[in-house]
Each structure stands twice: as structure tokens, then as C-alpha cells.
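Values reported hereafter were calculated over all heavy atoms of this structure, with side chains retained and with hydrogens, waters and symmetry mates removed.
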Amino acid sequence: MMTASMQELEKNKKETSIKSMYFNRYLGVRYTLALFFFCNLYWLLSSALSSSMSLLLPAVNIVLAVLAMYEQVRIFSSHTSDAPAARRAFRVIGAVNVLVITLLFIPGMFEWCYPFINATMTNRLIVAAVLLAGLLLTLYTLQKLTRIRQQHDKQYHRIKQYEKLI
């Protein structure tokens, strides 16, 4: 026979477990946000040291990433399937990547975007490949956010099965 305090403890464990499961639906999103945050921070600092106005591009990405990170922290306390700040951040990051990929091959624009990198064709291709990889990661993350919002992600179905069991 369980005492009232043991029953309360068991109830709290189950609630915390479910809360964590909902929060973990966004685990990949949080890691991707952190990756883009630090990449853009590096770009911002390098541009600032080069006295380049291109620092506005990573600055916008950083601000939106921080807002999305704040949203992710708030998600722990609420069961939500929508993360509008994260969607907005990834859309803008993707748009910036497309813009910069386009600018890389316009004369003089590579130097404007990356004044701290020599403007050789090899460097342009390497930067374009990194930006393309970032764009693909952004598209994948946006797709993941859409699946979460529509409740078609695998984790959501596991949560519902777990809730039925308890």
C-alpha cells in the first residue's frame, strides 16, 4: 500500500517524464540552433575585426537564434507543438545562406561577405559548400518543425503510447 506522499512522488515523476518527452521532441532543433549560433558568432567576430559591414548578416541570424533559444527554454514548461521563433530563425538563416551563396560569385561580393578569407576560387567553393550544407540542414530542421507542429513526428506517437500506459 502506497502512502499519500509516495503517490504524490510517483505522480510528479510521471508528469516530469512526460514533460521531458515533449521537450525532447525539439532536441535536434536545439542542437542545430546552437551550431548556427556559434557559426554566425564566429562570422560576426571575424567581420567585426575586419571592420566589415557584412557583420549585419550574422548579427541578424544571432538575434533570431537567441530568440528561438529562449522559446526552446519556455517549451519545457508547456506542451506545445509550435515553435514560431525557431521557424522564423531557420527561415531567415536559410535565406541568408541563399543570398550569400548567390553573392559569392559576383565580383567583389566575396570580399565584402568574408573579408578575412582570400578570394580564391577554391575558397569560394569551400565556403559555398559549407553554406549549402547549412542550407540543407536548415531545410531539414524546418521539415522537422513542420512534422512536430502537425504532430506527425515519431516522438509524439511514443508520448501518446506512454500516456496510455500510465
Visitor: Would you say that Asp82 contacts Pro84 through its side chain, given a criterion of any heavy-atom pair below 4.5 Å between the two side chains?
Guide: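 Of all side-chain heavy-atom pairs linking Pro84 with Asp82, at least one is under 4.5 Å.
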
Visitor: Do Ser52 and Ser50 have side-chain atoms, one donor and one acceptor, less than 3.5 Å apart?
Guide: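 Checked: Ser52/Ser50 side chains show no N/O donor-acceptor pair below 3.5 Å.
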
Visitor: Is any side-chain heavy atom of Phe90 less than 4.5 Å from a side-chain heavy atom of Gln143?
Guide: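 Counting from C-beta outward, Phe90 and Gln143 never come under 4.5 Å.
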
Visitor: Is Ile126 reachable from Ile101 through a run of I, L, V, M, F, W or Y residues, each pair having side-chain heavy atoms under 4.5 Å apart?
Guide: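 Cluster IDs for Ile101 and Ile126 differ.
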
Visitor: side-chain contact (heavy atoms from CB on, under 4.5 Å) with Val92: which of Leu57, Asn97, Leu64?
Guide: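 Exactly one pass, corresponding to Leu64.
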
Visitor: Out of curiosity, does Leu136 fall in the hydrophobic cluster containing Phe36 (side-chain heavy atoms, cut-off under 4.5 Å, transitive links)?
Guide: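 No, no single cluster joins them.
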
Visitor: Report the distance from atom CG of Leu45 to atom CG of Leu49, rounding to the nearest 0.5 Å.
Guide: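 Separation between the atoms: 6.5 Å.
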
Visitor: Atom OG1 in Thr138, atom CG in Leu132: separation rounded to 0.5 Å?
Guide: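 Those atoms lie 10.5 Å apart.
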
Visitor: Should Lys19 and Glu163 count as an ion pair when the cut-off is N to O under 4.0 Å?
Guide: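 Answer for the salt bridge query: no.
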
Visitor: Please report the closest heavy-atom contact between Leu44 and Ala59, naming both atoms and the distance.
Guide: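 The pair with the smallest heavy-atom distance is CD1-CB, 3.9 Å.
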
Visitor: Is there a side-chain contact between Tyr26 and Leu145 (heavy atoms, below 4.5 Å)?
Guide: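 When only atoms from C-beta onward are counted, Leu145 and Tyr26 do touch, with a gap below 4.5 Å.
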
Visitor: Is a salt bridge present between Asp153 and Lys144, judged by a nitrogen-to-oxygen distance below 4.0 Å?
Guide: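 Salt bridge absent between Asp153 and Lys144.
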
Visitor: Roughly how far, to the nearest 0.5 Å, is the OH atom of Tyr42 from the CZ atom of Phe116?
Guide: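 OH of Tyr42 is found 6.0 Å from CZ of Phe116.
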
Visitor: Is the backbone of Tyr114 close enough, under 3.5 Å, to the side chain of Trp43 for a donor and an acceptor to pair up by distance?
Guide: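 Pair absent, no side-chain N/O of Trp43 close to backbone of Tyr114.
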
Visitor: State, with a plain yes or no, whether a side-chain heavy atom of Tyr162 is found less than 4.5 Å away from one of Ile18.
Guide: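 Heavy-atom side-chain distance check passes, below 4.5 Å.
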
Visitor: Please walk me through it: do Thr80 and Arg74 pass side chain to side chain donor-acceptor pair (under 3.5 Å)?
Guide: CA-CA 10 Å; Thr80 182; Arg74 284 189 340 206; over 6 Å; no

Visitor: Please report the interatomic distance OG(Ser46) to CD1(Ile117), rounded to the nearest 0.5 Å.
Guide: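 Taking OG in Ser46 and CD1 in Ile117, the distance rounds to 8.0 Å.
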
Visitor: Using 0.5 Å steps for rounding, measure from the NZ atom of Lys11 to the CD atom of Glu15.
Guide: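 CD of Glu15 is found 5.0 Å from NZ of Lys11.
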
Visitor: Check whether Phe23 forms a cation-pi arrangement with Arg30 (NZ or CZ under 6.0 Å from the six-membered ring centre, at most 45° off the ring normal).
Guide: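 Cation-pi check for Arg30 and Phe23: passes.
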
Visitor: Would you check if the side chain of Asn123 reaches a backbone N or O of Asn118 as a donor-acceptor pair within less than 3.5 Å?
Guide: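 Flag set: sc Asn123 to bb Asn118 pair under 3.5 Å.
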
Visitor: Would Thr122 and Thr120 count as having a side-chain donor-acceptor pair, cut-off 3.5 Å?
Guide: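 Note: Thr122 and Thr120 side chains miss the donor-acceptor criterion.
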
Visitor: Side-chain heavy atoms nearer than 4.5 Å, only ILVMFWY residues, links allowed to pass through others: does that put Leu104 and Trp112 together?
Guide: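 Yes; tracing contacts between hydrophobic side chains, which count when under 4.5 Å, links both residues.
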
Visitor: With side chains defined as the heavy atoms from C-beta onward, is the minimum distance between Tyr140 and Leu135 less than 4.5 Å?
Guide: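 Tyr140 does not reach Leu135 side chain to side chain.
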
Visitor: Ignoring hydrogens and geometry beyond distance, is a side-chain donor-acceptor pair present between Tyr156 and Gln151 at under 3.5 Å?
Guide: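 Side chains of Tyr156 and Gln151: pair found under 3.5 Å.
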
Visitor: Determine whether Leu99 and Leu142 fall in the same hydrophobic cluster, where Ile, Leu, Val, Met, Phe, Trp and Tyr are linked whenever their side-chain heavy atoms lie under 4.5 Å apart.
Guide: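 Yes, same cluster.
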
Visitor: Let me confirm one number: the NE2-NE2 distance from His152 to His157, rounded to the nearest 0.5 Å.
Guide: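 Between atom NE2 of His152 and atom NE2 of His157 there are 7.0 Å.
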
Visitor: Using the rule given for side-chain contact (heavy atoms from CB on, under 4.5 Å), can you reason through Val66 versus Phe37, listing the C-alpha separation, both sets of side-chain angles and the distance that settles it, and then say yes or no?
Guide: CA-CA 8 Å; Val66 167; Phe37 174 82; 3.8 Å; yes

Visitor: At their closest point, which heavy atom of Cys113 faces which heavy atom of Val100, and how far apart are they?
Guide: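 What the structure gives for the nearest pair is SG-CG1, 4.3 Å.
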
Visitor: For a 4.5 angstrom cut-off between non-hydrogen side-chain atoms, does Ser20 reach Phe76?
Guide: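 Yes, side chains in contact.
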
Visitor: When you compare the side chains of Arg25 and Ser81, does any donor N or O come within less than 3.5 Å of an acceptor on the partner?
Guide: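 Their side chains do contain a donor-acceptor pair, which is all the 3.5 Å distance test asks for.
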
Visitor: Between Ala86 and Ala68, which heavy-atom pair has the shortest distance, and what is it?
Guide: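 Where Ala86 meets Ala68 most closely, the heavy atoms are CA-CB, 3.7 Å.
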
Visitor: Give a yes or no answer on whether the side chain of Gln155 reaches the backbone of Asn24 with a donor-acceptor pair at less than 3.5 Å.
Guide: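 No: the side chain of Gln155 does not pair with the backbone of Asn24.
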
Visitor: Using side-chain contact (heavy atoms from CB on, under 4.5 Å), reason through Leu137 and Leu35 one step at a time and then give a plain yes or no.
Guide: CA-CA 10 Å; Leu137 185 58; Leu35 173 72; 3.6 Å; yes

Visitor: Would you indicate whether Asn12, at its atom CG, is surrounded by more than 12 heavy atoms from other residues, nucleotides or ligands within a distance under 6.0 Å?
Guide: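 For Asn12, atom CG is crowded (more than 12 foreign heavy atoms under 6.0 Å).
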
Visitor: Pair Arg124, Glu111 - check salt bridge (charged side-chain N to carboxylate O under 4.0 Å, His left out), show working.
Guide: CA-CA 10 Å; Arg124 288 175 198 256; Glu111 295 84 356; 3.8 Å; yes

Visitor: Indicate the atoms forming the closest heavy-atom contact of Gln72 with Val29, along with that distance.
Guide: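 So the two residues come closest at NE2-CG1, 4.2 Å.
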
Visitor: With clusters defined by side-chain heavy atoms of hydrophobic residues (ILVMFWY) lying less than 4.5 Å apart, directly or transitively, does Tyr31 cluster with Val73?
Guide: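 Result: no, two separate clusters.
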
